[in-house]
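Shown next, in structure tokens, is the structure this report addresses.
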Amino acid sequence: MKQGKRLCLHLGMMKLAAATLLFTSSLGVGPDVTAAAAGGESALKHNGTPAKPPMGPGKVPVDKNGFDPQGRMVAYFGSPVIDGQVDHDWKKAPAVAPKHGSVDPGTSATFKALWDDRALYILAEVKDKHLSVQSGTHYMQDSLEIFLDENNDKTQEYQVDDLHIRTNYENVLTVDNGDAEQYYTAAKKVEGGYVVEARIALEAIPENGKVLGIELQINDAKGPERIGSLNLFDSSGSAWNDTSKFGEILLAGRTRGDVSGQNPYDLLNLIRSSLRLDFTLYKNSNIVKDALFKTTEGAFLTDKVTQSQLDEQYAALKDAVGKLEMTEEAANEKYFKAVPDAYRMESNKPGTIESLSYKTPNLTQGTDEKKLNVYLPNGYDASDPSKKYNVLYLMHGGGENENLIFGGPGQSKELKKILDHMIENGDIEPLIVVTPSFYGGKNEPAYFHEELIKDIIPLVETKYHTYAQSASLEDIKASRAHRAFGGFSMGSVTTWYTFVHCLEYIKYYVPLSGDSWVMGQAGGGSKPVETAEYLAGAARESGYTPQDYYIFSATGNLDIAYPNMKPQIDAMKQVTDTFIYSSDRNKGNFYFIVADGGTHAWNWVNQYIYDILPDLFINEE
């Protein structure tokens, strides 16, 4: 089938989805009814093509396994249609198979790649007789994972250009690193397995001879478990958090006269995201509904659609979405905002990281020596006690440690860069951030509050210039308004326990991607009402009013924590004498950010922290 005809089928599907939206919305049905009709993710990064494409060899020599003499995967020039059908363009691409891993017998995969002026395209053809998406953890489903380092600078930590996405055989896309609008995927079950096509919009216009860092992985699931994985280059199993483990892909094969195919993917992606909007939240939702119909009618149902028409309709719909105005009730919610790319780069005014050691009791009547890391903002002067700083204690997740968030002295991980920029640009007041660990000592999130109050706070807040006058419990209580505690995953579980036990010492709480286990493991999901009442009881017994404590929480709707966290938050909303829900801290004392597409990954958590930090320590004396 010609590309133009297949593209208009995409757009015809969008028109049907838009019509369905308006019909269902008139009946009061929510937007999720039509979300599946749109499928896929993408973004337009570059529209133009070079006037005179440079000459290049039509073929690159590859070995019997499809790799060039340097052991690289090879991508030729071409613009396949991303629809789950393996079209003719893919025939020119050399096929490669994963080199590493262990999976169920009979499971195998081959990969191919193409590129054009705008994007890199990946095809995975998987043989697997036992397909499963039972697990709520996305990497434990049968799926393709793509890791891309566009600059190929092989840093250990993911940088702005580094991407990590995952698509299962039902075409559910999850993004652990990168902007979801860069991707468009299509997946299809076939006899004996499944096919995934993925398009990744590139930041820089590619050319013959360019080399990108890449890793491709197939997750093999059976029932609710992942039983193995296949990796193209990485034998260590650590590419998910270390881009230096990626292999490479060579872009080649473009000759004079080769031109890119059309890019409908921005428009398709924008229509999809527009269809998912909850129009009941907006005063003027008709402007987007009207734009949706205009976008998907007329010329877009023919094979004569031009790129300029696609771009014009994209711009018109984007403009309409930008003009939406929230109702007063909707504005009560706290909404996710992505960290600007510039904040992921090094700041001109960086803070520093220090490490401290201390001893704390363990459960065998002995003591453990532990350490923690401390972020000090740029300009912190140890010789000037007149400037005092608020303190955020921030806990890692399960299987991690105190080095996960900042690394250690001399390192500059993503959250440190974000903090540096926020302080430099006046988004927040300079503060101290401390990253301890619940491992060691009593080795349990439920007991960590004892170590926090007896050992960590006295150590940190007497060494640095904080609002605590001394290490005494009375002075720690007196300075509670200048102290916050938060954490991710098991660190969030730790945060809820800390809320129960430490209200007299800490005013602000930031639980991220984790429910409370005061009523048992995953109790926020299984016993949400009881959990909410227990937390409310702790607040009441403390004697503090709702204006004396704040809970700012967040997760993603694709996070494994979401099914347990959301019921708990919903139940807490009903206990209005202790938990007053509002994004305006002058009206309420807690909110819940839900990031669309957010997964259980630090790339998302760092962004939740970015969104929440400006609400901490406001007007505290």
* T495 side-chain N/O to V493 backbone N/O, donor-acceptor pair under 3.5 Å -> no

* Structure fact -> Residue set satisfying ring pair (Phe, Tyr, Trp, His ring centres under 6.0 Å) with F246, at least two apart, ordered chain then number -> F147

* Do W115 and Y121 have their ring centres less than 6.0 Å from each other? -> no

* To do: Kindly state whether the ring of Y375 and the ring of F406 have centres lying under 6.0 angstrom apart.
  => yes

* Asked: Which word best sums up how the rings of Y562 and F592 line up, parallel for under 30°, tilted for 30 to 60°, or perpendicular for over 60°?
  -> parallel

* E197 and W90 side chains, donor-acceptor separation under 3.5 Å -> yes

* Asked: With the threshold set at 4.0 Å, does a side-chain nitrogen-carboxylate oxygen contact exist between E248 and K154?
  -> yes

* Asked: Quick one: does T435's side chain have a donor or acceptor within less than 3.5 Å of a partner on L372's backbone?
  -> no

* Asked: Does NZ or CZ of K112 lie under 6.0 Å from the centre of the six-membered ring of Y76, at an angle within 45° of the ring axis?
  -> no

* Listed by chain and number, what are the side chain to side chain contact (heavy atoms under 4.5 Å, CB included) partners of S513, not counting sequence neighbours? -> F488, T555, D559, A561, H600, Y608

* Asked: Taking NZ, NE, NH1 and NH2 as the nitrogens, is one of them in R276 or D596 under 4.0 Å from a carboxylate oxygen of the other?
  -> yes

* Residues two or more places apart in sequence or in another chain: which of them pass side chain to side chain contact (heavy atoms under 4.5 Å, CB included) with E402? -> K371, N373, S437

* Can a salt bridge be assigned to the pair K349 and E424 using a cut-off of 4.0 Å between side-chain N and carboxylate O? -> no

Taking only distance into account, with no hydrogens and no angle test, what donor-acceptor pairs under 3.5 Å do side-chain atoms of residues 230-239 form with protein atoms, sequence neighbours excluded?
unit_1: N231; atom_1: ND2; unit_2: Q217; atom_2: OE1; d: 2.9
unit_1: D234; atom_1: OD1; unit_2: S236; atom_2: N; d: 2.9
unit_1: D234; atom_1: OD1; unit_2: S236; atom_2: OG; d: 2.6
unit_1: D234; atom_1: OD2; unit_2: G237; atom_2: N; d: 3.0
unit_1: D234; atom_1: OD2; unit_2: S238; atom_2: N; d: 3.1
unit_1: D234; atom_1: OD2; unit_2: A239; atom_2: N; d: 3.1
unit_1: S236; atom_1: OG; unit_2: S238; atom_2: N; d: 3.2
unit_1: S236; atom_1: OG; unit_2: S238; atom_2: OG; d: 2.6

* **Test ring pair (Phe, Tyr, Trp, His ring centres under 6.0 Å) applied to Y508 - qualifying residues, sequence neighbours left out** => Y550, F617

* Does D420 come within less than 4.0 Å of K417, counting only side-chain N to carboxylate O? -> no

* Asked: Taking only residues two or more places apart in sequence, or in another chain, which ones meet D161 in a side chain to side chain contact (heavy atoms under 4.5 Å, CB included)?
  -> D149, E150, N151, D153, Q159

